[in-house]
Amino acid sequence: MQKSKVGIDFSKVEYARSIAGEIAGNVQTFVEQYTTVAVERTLCRLIGIDGVDGNAVPLPNVLVDHLKDRNVLGHGALFFLANGMVATGKTPQEIAESIALGETDLTSYPFCSSQVVADMLAPLITAGMQKIADNRKRRENYINTLGEGPKPYLYVIVATGNIYEDVIQAQAAARQGADIIAVIRTTGQSLLDYVPFGATTEGFGGTFATQENFRIMRKALDEVGEEVGRYIRLCNYCSGLCMPEIAVMGALEGLDVMLNDALYGILFRDINMQRTLVDQYMSRVINGFAGVIINTGEDNYLTTADAVEEAHTVLASDLINEQLALTAGLPAEQMGLGHAFEMDPMLENGFLFELAQAQMTREIFPKAPLKYMPPTKFMTGNIFRGHLQDALFNIIGIWTSQGIQLLGMPTEAIHTPFMSDRYLSIENAKYIFSNMKNIGSEIEFKEDGIVQTRAREVLDKTVILLERLKEEGLFSALEKGIFGDVKRPMNGGKGLSGVAKKDEHYYNPTIELMKNFNMEGKL
């Protein structure tokens, strides 16, 4: 029987998990009835459609908008592409190019039987999936031959706006000791309903997420990984209006970690909840198949809500996110569930409260490579205090065996980090992780002391919240502002017009194929 260091009752945990499963199940019932423009563009990309038209509009957008404008999106892009391939003998890429030139109406061809549709598309779907499977094998081979850094993985960001400058900074960070490089996306890209094309050199607070940028950075990290003798993971962001598209582009280029959370987009980017929950399911199926670790965004709740009073909302969301991910076939070992070190540093015994939260989260999700977010809300221009806050954060990270340690920077509250800032942060974490390596297995907590009392209190409040969410439903809870003190309407926000109810001819076999691979290990 599992024993809790923080004194939580695991029967309560299992009860909470069962409620979260019911909440997620209700969401999934809705999700399975719908598709979106992003899901259909994802399928176009998987079977080989790429490039842009004469106005720099991505061809997957051209094709899917062509169907949406004719009110047939609910039948899906694959169905119409198969009809077009049978009628014309063209490839999907050639059909998309013809639509872009105004030469083709994809809806004008005779409808084929479901068997003919399946037979036409099978080789293309298999080829796309095989590329992703090969990237997964490449990663596994690198890890088996080169090795990788110990957990918690040291996670740092690059954010210059120029992919070629990002490469220089990313390789420097790897040489300094980083295990995961996150290429921050340019400000506002999550609100674009298309993915830019090609390599980019001008971004704002980050670099555009494009397939070519993914390829460039993957190649650079493989080179530096061979140099330093360990595999370096690459992280980007498949959130926002192009969530599943970026997931498939990342999978095709060998990314390892993806920020992937519908709730984050709903709360902090005002993306329509119906749209993004449908998109999230497809994106998580792809990430599961690709062996990609997802990171969720619960840590962000505590930037808008109080970390002491609202800690239970983070745990409740983690439990729901876990169940939604399992539904998509994504195993616990790929769930970088988010939580944060975000209490006011002036709070008496705040460190103990933070420790209780982190240890409790680790015990509740024992297999997950938990994503632990550094202090940001209470960072100031005082870089010395900030460095101390990051040190306390690192102590808890090693003490509670976190999976992914997002390193804070001394200049967090001032500017995008310099290479020297990154060096100091990595040095800080490596020193503490080595010096305090086994502290978690050496120290027990006082019976009914501050740590145990805090952990039990958070779990009890989580159960109450989940019971309420079960009664309300997740959509209603989001409308009422239960997470992060942010309210979002079910029929408001960005992207709702891109949702379509599935019609009789709808065809998308990739979900079951990818989920079956996760369970059986073969295409």
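Keep in mind that the numbers below use all heavy atoms, side chains included, and drop hydrogens, waters and symmetry copies.
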- Task: Compute whether any side-chain donor of one residue and acceptor of the other, for Gln28 and Thr327, lie under 3.5 angstrom apart.
- Result: no

Residue pairs passing the side chain to side chain donor-acceptor pair (under 3.5 Å) test with at least one member in residues 346-359, sequence neighbours excluded, are Gln359-Glu363

Quick note, ring-ring contact (aromatic ring centres under 6.0 Å, His included) partners involving residues 299-337, not counting sequence neighbours, are Tyr301-Phe483

Evaluate Lys461 against Val458 for side chain to side chain contact (heavy atoms under 4.5 Å, CB included), listing each step before the verdict. CA-CA 5 Å; Lys461 290 173 77 173; Val458 172; 5.9 Å; no

| Hey, is the main chain of Gly25 close enough, under 3.5 Å, to the side chain of Thr29 for a donor-acceptor pair? | yes

Notebook entry, point to check: Do the side chain of Thr276 and the main chain of Met273 share a donor and acceptor less than 3.5 angstrom apart?
Noted result: no

Might you confirm whether atom NZ of Lys470 has over 12 heavy atoms from other residues, nucleotides or ligands at distances under 6.0 Å? no

**Asked** Should the pair Asp256-Arg218 be classified as a salt bridge under the 4.0 Å nitrogen-to-oxygen rule?
**Response** yes

Judged by modelled atom types alone, do Asp166 and Thr207 share a side-chain donor-acceptor pair under 3.5 Å? yes

Original post:
Under 3.5 Å, is there a donor-acceptor pair linking the side chains of Asp9 and Ser11?
Top reply: yes

For residues 393-404, the salt bridge (Lys or Arg N to Asp or Glu O under 4.0 Å) pairs (sequence neighbours left out) are none

Contacts of Glu226 meeting salt bridge (Lys or Arg N to Asp or Glu O under 4.0 Å) (sequence neighbours excluded), chain-then-number -> none

Residues at least two apart in sequence or cross-chain that pass salt bridge (Lys or Arg N to Asp or Glu O under 4.0 Å) with Lys367, listed by chain then number, are none

| query | Does Arg422 reach the main-chain N or O of Ile157 with its side chain, forming a donor-acceptor pair under 3.5 Å? | reply | yes

Going through the distances and angles, do Glu457 and Arg454 end up as a salt bridge (charged side-chain N to carboxylate O under 4.0 Å, His left out)?
-> CA-CA 5 Å; Glu457 174 190 298; Arg454 172 64 179 171; 3.1 Å; yes

Q) Ignoring hydrogens and geometry, is there a side-chain-to-backbone donor-acceptor pair from Asn135 to Leu252 under 3.5 Å? A) yes

Quiz item: If only atom types and distance count, is the side chain of Arg284 paired as donor or acceptor with the main-chain N or O of Asn287 below 3.5 Å?
Solution: no

Contacts of Ile511 meeting side chain to side chain contact (heavy atoms under 4.5 Å, CB included) (sequence neighbours excluded), chain-then-number -> Tyr281, Met282, Val285, Asn508, Lys515

ring-ring contact (aromatic ring centres under 6.0 Å, His included) filter on Phe268, not counting sequence neighbours, yields Tyr264

*asked:* Does any part of the side chain of Ile395, heavy atoms only, come nearer than 4.5 Å to the side chain of Phe351, both counted from C-beta?
replied: yes

field: Audit row: Lys12, Asp460, salt bridge (charged side-chain N to carboxylate O under 4.0 Å, His left out) steps and yes/no
entry: CA-CA 8 Å; Lys12 283 186 181 178; Asp460 287 345; 2.7 Å; yes

task: Give a yes-or-no answer on whether the side chains of Glu140 and Tyr231 include a donor-acceptor pair shorter than 3.5 Å.
output: no

Evaluate the criterion salt bridge (charged side-chain N to carboxylate O under 4.0 Å, His left out) for residue pair Asp344 and Lys377; output intermediate values, then yes/no.
CA-CA 8 Å; Asp344 188 335; Lys377 184 175 182 177; over 6 Å; no

On a heavy-atom basis, the closest approach of Ile286 and Pro244 is CD1-O, 3.8 Å

Item to complete: Answer yes if the side chains of Asn295 and Asn260 hold a donor-acceptor pair under 3.5 Å, and no otherwise.
Response: no

The ring-ring contact (aromatic ring centres under 6.0 Å, His included) partners of Phe214 (sequence neighbours excluded) come to none

Next item on the list: Any chance you could lay out the side chain to side chain donor-acceptor pair (under 3.5 Å) test for Thr304 and Asp485, step after step, and finish with the verdict?
Entry: CA-CA 7 Å; Thr304 53; Asp485 286 341; over 6 Å; no

What one should report as the nearest heavy-atom pair of Pro345 and Gln389 is CG-NE2, 3.8 Å

Please check: side-chain N/O of Asn272 versus main-chain N/O of Met490, any donor-acceptor pairing under 3.5 Å?
yes

Cut-off 3.5 Å, no hydrogens considered: what does the side-chain donor-acceptor table look like for residues 232-241, sequence neighbours left out?
residue: Arg233; atom: NE; partner: Glu148; partner atom: OE1; Å: 3.2
residue: Arg233; atom: NH2; partner: Glu148; partner atom: OE1; Å: 2.9
residue: Arg233; atom: NH2; partner: Tyr153; partner atom: OH; Å: 3.4
residue: Asn236; atom: ND2; partner: Val183; partner atom: O; Å: 3.4
residue: Ser239; atom: OG; partner: Arg185; partner atom: NH2; Å: 3.0

Is a donor on one side and an acceptor on the other found under 3.5 Å between the side chain of Ser476 and the backbone of Gly473? no

Scanning both residues in full, the closest heavy-atom pair of Val292 with Leu255 reads CG2-O, 3.4 Å

Arg175 meets the salt bridge (Lys or Arg N to Asp or Glu O under 4.0 Å) criterion, sequence neighbours left out, with Glu227

Taken in chain and number order and not counting sequence neighbours, the residues that satisfy salt bridge (Lys or Arg N to Asp or Glu O under 4.0 Å) with Glu32 are none

Say whether, by atom type as modelled, one donor and one acceptor occur between the side chain of Ser18 and the main chain of Tyr15 under 3.5 angstrom.
-> yes

Residues 435-453 side chain polar contacts: donor-acceptor under 3.5 Å, at least two apart:
residue: Ser441; atom: OG; partner: Asn438; partner atom: O; Å: 3.0
residue: Asp448; atom: OD1; partner: Arg456; partner atom: NH1; Å: 2.6
residue: Asp448; atom: OD1; partner: Arg456; partner atom: NH2; Å: 3.4
residue: Gln452; atom: OE1; partner: Asp448; partner atom: N; Å: 3.1
residue: Gln452; atom: OE1; partner: Arg456; partner atom: NH2; Å: 3.2
residue: Gln452; atom: NE2; partner: Lys5; partner atom: O; Å: 3.1
residue: Thr453; atom: OG1; partner: Asp448; partner atom: O; Å: 3.4
residue: Thr453; atom: OG1; partner: Gly449; partner atom: O; Å: 2.8

Review point. Backbone N or O of Thr160 within a donor-acceptor pair of the Gln169 side chain at under 3.5 Å?
Key: no

Can you confirm whether or not the ring centre of Phe393 sits under 6.0 Å from the ring centre of Tyr372? yes

field: Side chains of Thr376 and Glu342, donor plus acceptor under 3.5 Å
entry: yes

Checklist entry - Does the side chain of Asn144 pick up a donor-acceptor pair with the side chain of Arg139 at under 3.5 Å? => result no

So, Arg488 side chain and Glu479 main chain: donor-acceptor pair closer than 3.5 Å or not?
no

Distance-only donor-acceptor check, side chains Glu298 and Asn321, under 3.5 Å
yes

